[in-house]
Amino acid sequence: MDKEISDKILKAVTVQDIEQIRVEILGKKGFITEKMKGLGALSPEERKLEGQKLNLLKTEIEEAISSKKQELELKAINEKLESEKVDITLPIRQRNVGRIHPVSQTMEEMISILGSFGFALAEGPDIEDDFHNFQALNIPESHPARQMQATFFIEGEEGVVLRTHTSPVQVRTMEKGELPIKIIAPGRVYRCDWDMTHTPLFHQIEGLVIDKKTNMGDLKGCLIEFVKKFFEMDEVPVRFRPSFFPFTEPSAEMDIGCSRENGEFKIEANKGWMEVLGCGMVHPNVLKNSGIDPEEYQGFAFGFGIDRFAMLKYGIPDLRDFFEGDIRWIKHYGFLPLDVPNVATGLSLNGGVK
Ligand code: PHE
């Protein structure tokens, strides 16, 4: 091949260049074709010789062009890929996307753990009737236990209240009559209270397990396992205190060991306790009131205070701040929206990272 031709091919920069060269050399009016035409004027021997040479040259040029073309095509694709590259690992611009409230975060975390324990999600209304909030739960009218929960009543509505706990969802679930039962019911609850650990609106997760043999040991095991997962600790200081709820027998409250020192609030043994939940074995009257035979079925129930768990896990000393709507507070204690807690990748990946 002529140096001139091979240089031309080598110097091609784009796929279009090489195509142009191909036409120039091999096309109908190209230089090879012209030469082929010229063969007619030669003697038969010369024609044969020249023809072979020409064919060889043609093949050589074709190969050179095609390999250059491939090279240029690859280059073009790589350039395109390079110029259109998107780095999907780049973090989003977090400043502009707000924060998840610690209560929402904690609720998600708790639900994801309890979900992994096999609990299904149930719901009930915030505005409840007296039957589900009290009577079915073994709290008859004028029973002193009603005073345990300072109730908000709906003005002008007889027997309608803002639910004082999530326990009415126990009744609503049992009424459906599908047994066995293993549910949790997260939601808002309301009581007329106001101090460092009480606010008129707060959050609970109710748990209910009903089958033929679930016992108090299962309840304790479930709760202890839960707190270890939730606080991501091998051991959590807990104690169960005998307690009273009209709807459970026996009843207990669970406390978590914690300290409040120098404005810091954290989990710690031997310093003090914070009550985080009420629990117990479902009272036979409650089973009866909900249409379940207490001779055949039994089970446990618990009611977590979500906000208290949030305070403990994220070291937030005063519950009232949760509901102040102070932007500085939410910036400090809030969570980044794209870190959805789950048991597989971690529950509080961004905890503390602001
Ligand atoms: N409902 C109770 C409360 O709000 C908590 C509780 C739930 C206790 C389930 C026992 C069983 O205080």
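Atoms within a ligand are numbered from 1 in the order they appear, just like the ligands themselves. All residue numbers in this chain count up from 1 along the given sequence.
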Heavy-atom proximity to atom 3 (C) of ligand 1, picking from R191, R163, Q170, M281, points to R191
Residue and atom name of the nearest protein heavy atom (relative to atom 9 (C) of ligand 1), distance in Å to one decimal: E206 OE2, 3.3 Å
So, the side chain of H203 versus the backbone of F304: is there a donor-acceptor pair under 3.5 Å, distance only? no
Do any N or O atoms from the side chain of N262 and from the backbone of E264 form a donor-acceptor pair under 3.5 angstrom? no
Suppose I only count heavy atoms of G303 and a 4.0 Å limit; which atoms of ligand 1 are within that range? 6 (C), 7 (C), 9 (C)
Using the six-membered ring wherever Trp is involved, compare the ring planes of H101 and F323 and label them parallel, tilted or perpendicular (cut-offs 30° and 60°). parallel
With no hydrogens and no angle check, is any side-chain donor or acceptor of T33 less than 3.5 Å from a backbone partner on G27? yes
Take I18 and I9 through the side chain to side chain contact (heavy atoms under 4.5 Å, CB included) test and state the conclusion after the steps. CA-CA 7 Å; I18 201 82; I9 296 173; 3.9 Å; yes
Matching residue for E50 among K53, R47, K48 - test: salt bridge (Lys or Arg N to Asp or Glu O under 4.0 Å): K53
Going by the order shown, which atoms of ligand 1 are within less than 4.0 Å of some heavy atom of A301? 9 (C), 11 (C)
Look at the side chain of N138 and the backbone N and O of P246, then say whether any donor-acceptor pair between them is shorter than 3.5 Å. yes
Proximity to ligand 1 by part of S167, non-hydrogen separation under 4.0 Å: side chain
Tell me the protein heavy atom at minimum distance from atom 2 (C) of ligand 1, and give that distance in Å. F247 CZ, 3.7 Å
May I ask which of G280, G278, S251 has a heavy atom nearer to atom 8 (C) of ligand 1 than the others do? G278
Which of the numbered atoms in ligand 1 are under 4.0 angstrom from any heavy atom belonging to Q204? 3 (C), 4 (O)
Numbered atoms and elements of ligand 1 in range of T248, under 4.0 angstrom, heavy atoms: 10 (C), 11 (C)
Distance-only N or O hit between ligand 1 and T164, under 3.5 Å: no
